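Order of the sequence lines fixes the chain letters, A, B, ..., with proteins taken first and strands second; residue numbering starts at 1 for each chain. Just so we're clear, the structure is a prediction, and the values are computed from it rather than from any experiment.
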Protein chains: 2
Amino acid sequence: MLTDPTNLRIPGPTPIPPQVMEAMQQPAVPHRGEMFANMFTELQEQLKRIHGTQHDVYVIAGTGSAGWEASIVNTLSPGDKVLALVNGNFGERYVTVAEHFGMNVVRVDAEWGNAIHADDVRKALDEHPDVRGVLLTHNETSTGVLNPVQEIGAVVREHGSLLFVDAVSGLAGAPLEMDAWNCDIVFSGSQKAFMCPPGLSIIAVGERVWEHTERASIPRFVMDFKRFRESLAQGSTPSTAPLSLIFGLKAACDMLESEGLDKVFQRHVDQGVYMRGELDKLGMKPIAEQGFESPTVTVAQTPEGVTSGQLIAELRDRHGIHIASGQGHMKDSVVRIGHMGWTDYPELERTLKAIDDVLEHIPAARVAAV
Amino acid sequence: MLTDPTNLRIPGPTPIPPQVMEAMQQPAVPHRGEMFANMFTELQEQLKRIHGTQHDVYVIAGTGSAGWEASIVNTLSPGDKVLALVNGNFGERYVTVAEHFGMNVVRVDAEWGNAIHADDVRKALDEHPDVRGVLLTHNETSTGVLNPVQEIGAVVREHGSLLFVDAVSGLAGAPLEMDAWNCDIVFSGSQKAFMCPPGLSIIAVGERVWEHTERASIPRFVMDFKRFRESLAQGSTPSTAPLSLIFGLKAACDMLESEGLDKVFQRHVDQGVYMRGELDKLGMKPIAEQGFESPTVTVAQTPEGVTSGQLIAELRDRHGIHIASGQGHMKDSVVRIGHMGWTDYPELERTLKAIDDVLEHIPAARVAAV
């Protein structure tokens, strides 16, 4: 795989491969025309395979936040009880959105760095039989933890509640079998493992959702699933389709399927193993619970005496490589390095070498390491 | 100006100039980084000039529909009375969205093809002193009519209600002086006279809006103006910015300002005059009320004995030129031809020649013309 010259190593937006760039050059076409409908229908089949679903996958002009909002407003009503599974900042933000729309939020918290475990979910659902929706983050980008969606899905299905999965930074980089794993809504964005620019929200909607949409009382228009379902039947979108981004997404799905999804997932797993091992050697301990490490983003402690801000600034200024700081209470103590989408070992090696070099030049880091 | 090879002549999405295509090739950058913030701050100043406003202009991943929704949910509450000014299908759709969010809609209707006149607005506001928001379409794409925003703005200001302007197919192609004309919210999309692909909703928010946002009770998150205001102060967007489209929009604004806005507007006016005159000669009478003709889209009756469907299909199949049918009750009896954004006489001449050729080959058209 070729080397990305920009080596943008934040956990999204990710670098764009030339195939996607080229596809976005396609001149504008009528968004209600046959050419678009044919392409969009083919894309739909690809997205179904990538999600492991037989059901609709909607493509919306939006970002990950649109997924948080759409999953709630299409299915729930103010005062409804939801169970939020929180083990990082993105889980926390899902709570914020749910509260914003008046949900009665019950939480299962796991320490940041740990996974959410199905037993804790079962316990919470037993205590709260009236939970209508469970909010889960597939891949917690703030800590580099991949939550066990399959196990949690089985528990939620038993209980009969809906399961909404924020898969923004995981989908297309880690397996997610929506139907087999009992997920009801799975949403992501174009700008992570899908290797496209930001601007598309991708939302898969399972069959059980529709019984809930009639009752759901929060007013909605742009994000109304019913409008998307009606348009999809015509091979289109309710509003003007974001053409160039959709052409890009089509090219990205072609790339994913041509490499083979299993190989794509294995590549991500291998890169995660590599990054965690190498960072550990540099004195930067990955924080993810063993067995639940994210294949798309590594979050590691900064060496003693070094803040994430120092490390990030030096990497950017000396090497032109961008990595991200921690979030919430981990802001200064960890860095986050993305290896999702269009990434291979040359970029990761370059990043690791640069980190090594930077640590050489931060006096505190060497003192601490001695 | 160079000839667009695709000659997409629907009233949006429009062809994309090479400068915009190229700008969209910019590799991804950190969306919270300095480079993006600098570019976005410069874009903000350009957008303010193009809107004729001193106030914030938000750039959202979305389409024109997002503008309809955002203008209402940020300012009004269910049961509020709004005055909808309707003289075509887009005005009608604004009503649909308003009703969707529980507004008490009072209408001023003008016959399709006619403009909304300020006197009728004044009469309606006198009859309904409790109107809180007025919904106006700047450029009615279904009929090719440019509404007199300035005159209506003066009347609405006198009354004290808010004025929301759907400028999707007009902005950057026709003057709109937001502050001077007393508009409170002006929204558009990237895919019309802005010469970019669809996917960005551009929303300018005047000062008077903020007194209303606190009271507005419709829950909102993704489209919450307050989140955009806070992020804009940091040179960013609340969710991940749609980078490639924003790079494209920046290039488009550069083009508009380098040509000069007055020249851009005059070019559109001249092309409108030309199209209406030439179509009339071909037996296709433009339907817009005199003095209120749109500079960005011409809507003309099909020749007697010819449906819009026939004309559109023949143009597409024989010449590869795409124009649009009418909407609503005018579906079959008019065609709509866009001349907004990256368009010049060669494309329009080619379109007119092709129409002439097609009419030659539709027997009914010739019979009727004899």
*Side chains of Pro242(B) and Leu200(A): closer than 4.5 Å at any heavy-atom pair?*
no
*Heavy atoms only: give me the nearest Val29(B)-Pro13(A) pair and the separation to one decimal.*
O-CG, 4.0 Å
*Given that the side chain runs from C-beta out, which part of Thr14(A) has a heavy atom under 4.5 Å from chain B: side chain, backbone, both or neither?*
backbone
*Between Gln191(A) and Leu243(B), is any pair of side-chain heavy atoms under 4.5 Å apart?*
no
*asked:* I'd like to check Ile218(A) versus Pro219(B) (side-chain heavy atoms, cut-off strictly below 4.5 Å). Are they in contact?
replied: yes
*Among Ser190(B), Ala70(B), Pro78(B), Gly199(B), residue most engaged with chain A (heavy-atom pairs, under 4.5 Å)*: Gly199(B)
*Any side-chain heavy atom of Leu245(B) within less than 4.5 Å of one from Pro197(A)?*
no
*Which atoms form the tightest heavy-atom contact between Thr240(B) and Thr63(A), and what is the distance?*
O-CG2, 3.2 Å
_Tell me which of these, Met24(A), Arg220(A), His31(A), Glu22(A), has more heavy-atom pairs under 4.5 Å with chain B than the rest._
Arg220(A)
*What are the two closest non-hydrogen atoms of Phe221(A) and Glu69(B), and how far apart are they?*
CB-OE1, 3.2 Å
*What part of Ala241(B) is in contact with chain A, defined as an atom under 4.5 angstrom from a non-hydrogen atom: side chain, backbone, both or neither?*
backbone
*Let me know if Glu34(B) has heavy atoms under 4.5 Å from chain A in its side chain, its backbone, both or neither.*
neither
*May I ask you to name which of Ile246(B), Val73(B), Val222(B), Thr237(B) has the most heavy-atom pairs under 4.5 Å with chain A?*
Val222(B)
*Between NE2 of His100(B) and CZ of Arg227(A), what distance do you get to the nearest 0.5 Å?*
7.5 Å
*Met223(B), Met21(B), His322(B): which one forms the most heavy-atom pairs within less than 4.5 Å of chain A?*
Met21(B)
*For chain B, which of Ala28(A), Ala61(A), Pro198(A) has the most heavy-atom pairs under 4.5 Å?*
Pro198(A)
*Provide the closest heavy-atom pair for Ile10(A) versus Pro30(B) in the form atom of the first, atom of the second, distance.*
CD1-CA, 3.7 Å
